[in-house]
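All chains are named by letter (A, B, ...) in the order of the sequence lines, taking the proteins before the strands, and each is independently numbered beginning at 1. Keep in mind that this is a model prediction, so the values were computed, not measured.
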Protein chains: 2
Amino acid sequence: MTEAVGLAPVGRDTVQDRVYSELRRALIGGLFSPGQVLTIRQLADALLTSTMPVREALGRLITEQALEILPNRQIRVPPVTLARIEDLLRARILIEGEAMALAAARMTPRHIASLRAILLDWEEMRGTQVDREVTLNHAFHFEIYRACGSTVLIPMIESLWLQSGPLTRAAIYAFSEAGANDAARFHHDILQALQAGDAATARAALVADISRPFAYLKDKLGADAAEKETP
Amino acid sequence: MTEAVGLAPVGRDTVQDRVYSELRRALIGGLFSPGQVLTIRQLADALLTSTMPVREALGRLITEQALEILPNRQIRVPPVTLARIEDLLRARILIEGEAMALAAARMTPRHIASLRAILLDWEEMRGTQVDREVTLNHAFHFEIYRACGSTVLIPMIESLWLQSGPLTRAAIYAFSEAGANDAARFHHDILQALQAGDAATARAALVADISRPFAYLKDKLGADAAEKETP
DNA sequence: GCCCTTGATCTGTGATCACACTTGATTTGA
DNA sequence: TCAAATCAAGTGTGATCACAGATCAAGGGC
């Protein structure tokens, strides 16, 4: 066989893969509400395909805990509870913190430049487009995680993002409207620490970054419960 | 509706679920070799069903990284590499260690008794039935992990076991034949530490327990490579 | 003799249909 | 009037068929 230089393998993508990616994007972006029920046929109609790719994509999302299946066989995005919030936050601090620490030791100038570029893009359009903001936040974090060199941790982190997406939806919009977005500061802290190869500081900044929307969510949930008690 | 007392919900299980469970059992038990190629129709024939439940079960296992899909769309169990061994071991120490520490703080006498019973069963038939041994080892660990109170960590640990199953296959049989099975000692250490509520010691004993087969595997892989160099 | 082409076979993928079950509104009964 | 029974629409699940791509062996050309 002749050596084809410089050509990346193309790899046909199936309909199922596209459906899966689309649902993932929607989940992480908070387009689905906690507790919302999804049906295969309805999604198939919306995505202009048959039920087959959709049901396989949903099955995959269910095993990732991104969706849950009720005894009635109904499929829904898991509702928000205080226990789930704390559980997810703890897991994310544990695993993403470790990935961040690992990445700190393997940073190249190329990575740093790429991160800086994402941060620049992000600052340019702060507050204008929420979904674009979500995309850039995702890109920033996973550019780092991919550098950690672990093919085991990364899919787990993706699963965690999938699970927290619907929960942090409320927080995303609240922060975006308030404009008081100190995510930029945390991201700069992370970048600076990574540049210095300081794993501990990078991890601490990440924990702060992750914790913020969850803390907001916990407050909001407590306030809602109190309001319900005394209407 | 009248209140039906004392009846547990039955919850119909689908063919897909049975196929999925069966494949999981086989994977964790090391019945499949690293690198082995699986085909949908062949598995469907072996399991006496159609291709439909099998392909959905395989899809789920692929998203869990328990199986991988090649650019040719072939499905196989991931081959063993040194990097993968170290990657998996690190992740298991991180996540299972955390679950163990959490469980140490939530142990009830009921849990302790259950663990002791499993350990007793295990000692009774040490070395006689390999697959029974695998089952009891699985039961022991997950009895603990279930007690950690995290619905997020447990599926991740299951995914990790699914991924390490085929790798540790060699180690399982080697230890079983050698009879020099000090897993019993580690398990006793874990139980004792849990009883005392000593999270740090429990975690350390777990790390020793997990690391053992991986260390054996690394040695074996190195020896095989050296043997190949000088035939 | 060696390499390329061709062919049959097997693979995963997608679409469609049949079925059992759930669910919600309607109708029937007292 | 209210509750129970009934019917119809909609759900996920499984089986079957059609199809494009991959694989590998035998055949044909240089």
Please test A:His111 against A:Thr108 for side chain to side chain donor-acceptor pair (under 3.5 Å), starting from the C-alpha separation and ending with a verdict.
-> CA-CA 5 Å; A:His111 284 127; A:Thr108 65; 3.0 Å; yes

- request: Could you check A:His138 against A:Thr135 for side chain to side chain donor-acceptor pair (under 3.5 Å), going step by step and ending with a plain yes or no?
  value: CA-CA 5 Å; A:His138 181 272; A:Thr135 303; over 6 Å; no

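The side-chain heavy atoms of A:Val77 and A:Ser33, taken from C-beta on, include no pair separated by under 4.5 Å. Side-chain atoms of A:Gln65 and B:Val152, non-hydrogen and from C-beta on, never get closer than 4.5 Å to each other.
OP1 or OP2 of D:dT23 lies within a sub-4.0 Å distance of a side-chain N or O belonging to B:Asn72.
Classification of the A:His141-A:His187 ring pair by plane angle, with boundaries at 30° and 60°, yields perpendicular.
When the P atom of D:dA22 is taken as reference, atom CD1 of B:Ile69 falls 12 Å away, rounded to whole Å. Separating the CG atom of B:Asp13 from the C1' atom of D:dT13 is a distance of 13 Å, rounded to the nearest angstrom. If you take CG of B:Asp17 and C1' of D:dG12, they are 12 Å apart, rounded to a whole angstrom.
Checked against salt bridge (charged side-chain N to carboxylate O under 4.0 Å, His left out), A:Arg55 has the following partners two or more places apart in sequence or in another chain: B:Glu56. Judged as a salt bridge (charged side-chain N to carboxylate O under 4.0 Å, His left out), and not counting sequence neighbours, B:Arg41 has no contacts. Listed by chain and number, the residues in a salt bridge (charged side-chain N to carboxylate O under 4.0 Å, His left out) with A:Arg25 are A:Glu22 (sequence neighbours excluded).
A cation-pi contact, defined as under 6.0 Å to the ring centre and within 45° of the axis, is absent between A:Arg24 and A:Trp161.
Contact footprint of chain B on DNA chain C: nucleotides with an atom under 4.0 Å from a non-hydrogen protein atom, first to last in 5' to 3' order, C:dT11 to C:dC21.
Axis angle between the ends of the helix from C:dG1-D:dC30 to C:dA30-D:dT1, five pairs each and rounded to 10 degrees, works out to 10°.
Between A:Val15 and A:Gln74, it is A:Val15 whose nearest contact on DNA chain C lies nearer the 5' terminus.
For the contact set between residues 32-46 of chain A and DNA chain D, defined by any heavy atom under 4.0 Å, the members are A:Leu38, A:Thr39, A:Ile40, A:Arg41.
Checked against B:Glu158 for a side chain to side chain contact (heavy atoms under 4.5 Å, CB included), the options B:Leu162, B:Leu160, B:Ile154 give a single hit: B:Ile154.
Within 4.0 Å (heavy atoms only), B:Gln16 reaches sugar-phosphate atoms of the nucleic acid but no base atom.
The closest donor-acceptor contact from the side chain of B:Asp13 to the backbone of B:Arg18 lies at 3.5 Å or more, if one exists at all.
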